[in-house]
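So the structure is just underneath, and the comments pick up after that.
Keep in mind that the numbers below use all heavy atoms, side chains included, and drop hydrogens, waters and symmetry copies. Numbering of ligands and ligand atoms starts at 1, following listing order.
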Amino acid sequence: MKFRGAATGLLTGLVLAANTWAAPAATDAMLQQGETLYRSGTSSRNNPVIAVVAGGTRLPGSAASCAGCHGRDGSGRSEGGITAPDIRWTALTQAGTRDLAAGRSAKPYDEATLVRAITRGLDSSGNTLAAAMPRFELYGEDLEALSAYLKQLHLQRDPGITDQRIVIGTVLPLTGVAEKQGRALLAMLQAGIDAINTRGGLHGRTIAIDAENAESEDAPQRLAALGQRTLAIVAPYAPRLQAELRAVARQQVPVVAPVMGPEAQGLDPLFSTLPTARHVLGALAGYWSRLPEQERGTLTVVLGKVNAEATEEFLRDLLPKAGRYRFVSAQSLLDSESAPGQWLLLETAPGLIQQLGSKLRGSRLLAASTSIAGVPGATLAEVERIVVAAPLLPPRDDPAMEKMQSRLRELKLEAPPALVTIQAMRGIAVMEEALRRSGRELSRERLISALENISRMETPGGPLSFGARQRAGARGATLFAMDPSSGRLTLLEPWAPSL
Ligand code: HEC
């Protein structure tokens, strides 16, 4: 049995033919009420829910949801030294196999003992459960709804998972001016997935791809629907659907895509395969910190109007290890009579370089490509040295990349620009690794946690690392030396890690 739309919290159209234990038979409304209790610790009937925790403190149920400790899928979790066990009905009713603390028997649970565990903190044999498991003040219909929900939780699966198959969604331009690129990218994703399937799939399942057209008129709606029917989304090239990809991730659908954007992406599972602007600056600061002592001098970090505080906070953590530095605002630099300093790290819009003009004579600039783009050559002619950082450089002589391109030629498809190709290869590689680590008992929750644990994974174009609060995976940038008089770029470091 398969349930749709679990992520949105709706269990509409639920058939309970397989649920032979429930008496009276659980209705959709009841299961929804149970789901709300389980996931958010609140009663959809507005009954108060109280969790009595260690020491007798009474908390609102919303501060101690079952899902928060036992996982959305009920399969259990360990966090901060506390292990909340598997409480899916299959585990609770199995005799003798539950992993219990010393001195407890493993008598199978029934509905009455389940309710007793929740309300009085006694296990199936009447032993006291550890205080880490709160005692809940829940009554009547709420308790009935919660236990009905728990009894079928193990039957639920996130969308896109069957016994044999995992479906991953993607959205690409399949019509319009970028159609050729879109088709080639789709072929690349398919080739990546075919390779996994040829090696036997992952944990007994093959992978399939479900593609939507990013150029169709109703692309936003299609993307939202895709998020509801697939396990996760890999979107290497959907520049016009960034807000929509964020919206899908907000529904707890894991998304892997190159998205640039505010640092505060929150905790939604949107895993970006691009560096953030701040890691690009970090890469420039890192370059400076590796210079010989006598060349390094003092670094002047020039802060613009936008993001200034966040940038300062980020660099203030890192710079003390690296050498002498100071922060100045772009305005004070413009107002000041004196020379701005030898090494300038710019986090400003290109306008500043133009405004500073001749004040830059003899200085050395460290600038993100976005800070220097379009600045007329004449302005830069008197600058002594310029180092430019760009988010990503297409790798040269990367065997994986070459193999992919020759495969596309075989298929008579035009290879998309290298930068886009890299994003597709990264998307597949990251997804494969995370699926592999998630194991056979797959859920979105497990996949998200596997993605968060990816660390220094080698991918075309540089390593990727994510974390529970780290959604931008590429922590560094490609560095170029720019010739001040001609503007010509030469590669300095293909991948410079952020400080
Ligand atoms: C603060 C974390 C936390 C919350 C919230 C929580 N639990 Fe627990 N739960 C635990 C821990 C830890 C144990 C294991 C206690 C032990 O081993 O003695 C446990 C044990 C259980 C058990 C007994 C399992 C067994 O194998 O004997 C059941 C059933 C259970 N919890 C159900 C729930 C339900 C239902 C909710 C929500 C209403 C919930 N828990 C909320 C942490 C939590």
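No option in Thr230, Ile233, Val171 other than Ile233 meets the side chain to side chain contact (heavy atoms under 4.5 Å, CB included) test with Val248. Under the side chain to side chain donor-acceptor pair (under 3.5 Å) test applied with Thr311, the options Arg278, Arg316, Glu347 reduce to a single match, Glu347.
When NE2 of His70 and SD of Met133 are joined through atom 8 (Fe) of ligand 1, the resulting angle is 180° to the nearest 10°.
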Please determine whether salt bridge (Lys or Arg N to Asp or Glu O under 4.0 Å) holds for the pair Arg199 and Glu432, giving the CA-CA distance in whole Å, both sets of side-chain angles, and the decisive distance to 0.1 Å. CA-CA 12 Å; Arg199 289 195 296 271; Glu432 176 182 359; 2.9 Å; yes
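Proximity of Leu172 to Glu215: side-chain heavy atoms (C-beta onward) are nowhere separated by under 4.5 Å. Thr459 has its side chain out of reach of Met425: every pair of non-hydrogen atoms, C-beta onward, lies at least 4.5 Å apart.
When heavy-atom distances to ligand 1 are checked against a 4.0 Å cut-off, Asp86 has no atom that comes that close, whether in backbone or side chain. Residue Ile87 touches ligand 1 through its side chain alone, judged by heavy-atom distances below 4.0 Å. Looking at Leu138 against ligand 1, nothing comes within 4.0 Å, counting heavy atoms. Here Tyr38 has no heavy atoms under 4.0 Å from ligand 1, in either its backbone or its side chain.
For Arg77 and Glu445, the salt-bridge test passes: some basic side-chain N is under 4.0 Å from an acidic carboxylate O. The existence of a salt bridge linking Glu244 and Arg222 is excluded, since no basic side-chain nitrogen approaches an acidic carboxylate oxygen closer than 4.0 Å.
Under a 4.0 Å criterion applied to the non-hydrogen atoms of Ile118, ligand 1 contributes the atoms 35 (C). Residue Leu114 approaches ligand 1 through these ligand atoms, each under 4.0 Å from one of its heavy atoms: 29 (C). Remark: ligand 1 atoms within the under-4.0 Å shell around heavy atoms of Cys66 are 34 (C), 35 (C), 36 (C), 37 (C), 38 (C), 39 (C), 41 (C). Counting the atoms of ligand 1 from 1 in the order shown, those under 4.0 Å from a heavy atom of Ala132 are 1 (C), 2 (C), 3 (C), 12 (C), 42 (C), 43 (C). Each of the following atoms of ligand 1 lies closer than 4.0 Å to a heavy atom of Ile82: 12 (C). Of all atoms in ligand 1, listed by their number and element, those nearer than 4.0 Å to a heavy atom of Ser65 are 5 (C).
Around the CZ atom of Arg456, the shell of radius 6.0 Å holds no more than 12 heavy atoms that belong to other residues, nucleotides or ligands. Under a cut-off of 6.0 angstrom, the local environment of CZ in Arg165 is sparse, with at most 12 non-hydrogen atoms contributed by other residues, nucleotides or ligands. Heavy-atom contacts from other residues, nucleotides or ligands closer than 6.0 Å to CZ of Arg324 number 12 or fewer.
Considering each of Ala51, Pro85, Ala130, the one bringing a non-hydrogen atom nearest atom 14 (C) of ligand 1 is Pro85.
For the pair Gly68 and ligand 1, no heavy-atom separation below 4.0 Å is found. In this structure, Leu150 has a heavy atom closer than 4.0 Å to ligand 1. Within the structure, ligand 1 has Thr83 among the residues with a heavy atom less than 4.0 angstrom away. Taking a 4.0 Å cut-off on heavy atoms, Ala67 fails to register as neighbouring ligand 1.
Taking the ring centroids of Phe314 and His279, they lie under the 6.0 Å cut-off.
For ligand 1, the polar-atom distance check against Asp123 finds no nitrogen or oxygen pair separated by under 3.5 Å.
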